Protein chains: 2
Amino acid sequence: MDKDNDLTIRQPVAAKPKIPPPSIFAKPFARSTDPGVVQLLTEDEQAALIAISRVVEFRRHTVIYPEGGRSRFVYNVISGVAETYCLLPDGERRVSSFLFPSDLLGLSENGEYVATAQALTPLTAYKMPFEDLARLVRRDPDLDVVFLCKLCHELRQAERHTVTAIHNDARARVAGFILWLWRSEVTALTDDTTVTLPMLRHDIADYLGLSTEAISRALHQLETGGLIQRRGPRALQLLNIQELRRAAREI
Amino acid sequence: MDKDNDLTIRQPVAAKPKIPPPSIFAKPFARSTDPGVVQLLTEDEQAALIAISRVVEFRRHTVIYPEGGRSRFVYNVISGVAETYCLLPDGERRVSSFLFPSDLLGLSENGEYVATAQALTPLTAYKMPFEDLARLVRRDPDLDVVFLCKLCHELRQAERHTVTAIHNDARARVAGFILWLWRSEVTALTDDTTVTLPMLRHDIADYLGLSTEAISRALHQLETGGLIQRRGPRALQLLNIQELRRAAREI
DNA sequence: CGTGAGTTTGATTCCATTCAATCGAGGTGG
DNA sequence: CCACCTCGATTGAATGGAATCAAACTCACG
């Protein structure tokens with residue numbers, strides 16, 4: 001992570017110091033020694049991706065790309081949080097996913113983005129031209145497998161989200177969401193039990209299929225039960241993770 | 001489709017006549033002439049897959065592979081319908097997907113299947129050893145792209161299912177489900193407006209996050225509204241597809 | 001200090017679940 | 001061939017949880 005300067009030096013465009021290299025994490029498809037998520041990119045692959053990338057920055061609430069827009073780029077989040085959403089014919093908005101560092105953005109269909117991507121916080125990302133990436137992947141079978149693994153990972157996540165969101169009550173959905181956020185934040189390495197909610201209640205509600213009021217009430221319930229403590233509307237303290245997991249029906 | 005005998009003749013195991021070749025359909029990631037789903041496999045690739053496959057048959061209600069089992073094979077459905085489900089700690093069952101001809105089965109994590117796959121009807125499939133498939137994919141970059149496209153397609157489908165299932169009421173969910181089934185059946189080429197439901201109400205309910213009673217009531221509503229007609233518990237006649245799409249909030 | 005967006009709390013309504021009972025089809029055995 | 005049996009589907013009545021409507025509150029910001 002700290003000796004990637006060798007790589008970036010050759011690429012002045014992405015050569016700003018202390019920018020972590022492109023990164024794709026996933027639980028591998030096949031059996032491996034580490035049962036958790038692992039870095040799938042080798043240093044060579046990271047270098048190859050940097051070679052076709054530009055580092056781009058977005059301010060809060062900026063649209064990264066619009067639904068239906070011509071899909072020319074794929075993004076690999078470096079820092080910050082984004083969301084994707086679709087606009088329904090009747091004008092309603094449907095949040096389909098939240099994206100964190102090392103996630104990939106740019107899912108498209110027939111050359112058009114399937115959803116609008118928007119930064120929820122200041123965000124930096126590697127921006128890779130789709131054509132170049134396709135060429136690279138076609139040349140390097142290992143890299144291709146990386147993307148296959150990542151997509152399998154995303155697919156499993158999506159199915160899990162569906163299954164849990166669809167069957168659980170508001171309290172369980174919110175508990176699961178908090179735990180997911182907690183695990184998504186890179187600081188999970190430390191024993192930090194603080195979770196920040198970079199998105200509005202409205203976004204959470206939409207993502208979980210609830211109303212903003214239901215989110216509030218669920219948080220209230222969890223606080224009353226001693227599982228969490230609210231530190232302002234954007235920050236939570238996890239007090240009892242064991243009970244939280246039970247509330248989310250993970251156990 | 002009809003001249004694939006040249007290929008199968010070399011492979012006696014899969015040489016039974018009138019078995020369609022391996023097949024992977026998806027809307028391509030990149031822009032293409034045909035905006036709908038297209039066959040992604042070339043004849044050469046079909047031949048290569050046949051070379052590493054065995055055709056297997058399952059009777060109704062047979063388990064194809066169990067959740068947590070060592071994942072050694074990937075399946076490509078030839079005919080019939082399957083479902084995948086997870087068992088929760090409390091014994092509840094959660095249907096995560098239904099699989100139709102040309103779909104892929106065998107999603108795994110760390111070498112273990114993430115869900116149980118079960119045949120809902122008599123089912124035939126190409127059974128491909130994972131190792132052989134991995135070798136093949138690593139050798140043929142084009143084939144690799146095929147799987148990437150298919151996975152993207154599945155991911156988009158999963159996100160759409162989540163978004164629609166989570167926000168709509170019972171009537172809309174059931175209407176959407178019926179339309180999805182209708183489009184999934186290969187007979188969609190003809191102007192056939194009959195849909196058969198190979199799964200139990202319980203399975204549909206689970207998949208849509210409803211109760212079996214709610215499914216019944218939604219079907220009753222749709223029938224009263226003149227959108228469909230029930231022909232026994234397992235068959236539906238679509239009377240007004242335009243209205244069905246509106247009911248499913250697709251328009 | 002006022003302003004306004006976002007969040008929280010409260011009261012009512014609505015929809016789906018739950019519980020309970022009936023209906024219907026497929027299968028078995030007499 | 002028919003009565004019976006069982007499982008699944010359907011229908012009905014009561015309950016419960018979240019949406020909705022409405023209002024109070026909090027915090028950041030000018």
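Everything numeric in this text was worked out from a predicted model, so none of it was measured. Residue numbering restarts at 1 for every chain, and letters A, B, ... go by the order of the sequence lines.
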[X] [atom1] - [N] [atom2] separation (whole Å):
| X | N | atom1 | atom2 | result |
| --- | --- | --- | --- | --- |
| A:Asp206 | D:dA19 | CG | C1' | 14 Å |
| A:Gln221 | C:dT9 | CD | P | 11 Å |
| A:Ile166 | C:dA16 | CD1 | P | 13 Å |
| B:Arg231 | C:dA25 | CZ | C1' | 17 Å |
| B:Arg201 | C:dC23 | CZ | C1' | 14 Å |
| A:Leu236 | C:dT7 | CG | C1' | 13 Å |
| B:Leu219 | D:dT11 | CG | P | 10 Å |
| A:Arg171 | D:dG16 | CZ | P | 18 Å |

Considering just the side-chain nitrogens and oxygens of B:His220, establish if one lies under 4.0 Å of OP1 or OP2 belonging to D:dT11. yes
Answer yes or no: does a side-chain N or O of B:Arg230 lie under 4.0 Å from OP1 or OP2 of D:dT10?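 B:Arg230 to D:dT10 OP1/OP2: side-chain N or O found under 4.0 Å.
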Among the nucleotides [options], which one has an atom lying closest to any side-chain atom of [X]?
| X | options | answer |
| --- | --- | --- |
| A:Arg234 | C:dT7, D:dT10, D:dA18 | C:dT7 |
| B:Arg217 | C:dT9, D:dT10, C:dT18 | C:dT18 |
| B:Asp169 | D:dA19, D:dT10, C:dA16 | C:dA16 |
| A:Glu213 | D:dA9, C:dT7, D:dA22 | D:dA22 |
| B:Ala214 | C:dT17, D:dT11, D:dA18 | C:dT17 |

Hey, which of these two, A:Gly232 or A:Ile215, hits DNA chain D nearer its 5' end, going by closest nucleotide? A:Ile215
Using a cut-off of 6.0 Å, state whether more than 12 heavy atoms not belonging to B:Arg160 lie near its atom CZ.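 Check passes, neighbour count above 12.
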Tell me, do B:Glu250 and B:Leu244 make a side-chain contact under 4.5 Å, heavy atoms counted? no
Could you check whether the rings of B:Phe100 and B:Trp180 sit parallel, tilted or perpendicular, using 30° and 60° as the cut-offs? perpendicular
Is it true that A:Arg246 and A:Glu243 have a side-chain N and a carboxylate O under 4.0 angstrom from each other? yes
Taking atom types as modelled and ignoring hydrogens, do the side chains of B:Arg156 and B:His153 form a donor-acceptor contact shorter than 3.5 angstrom? yes
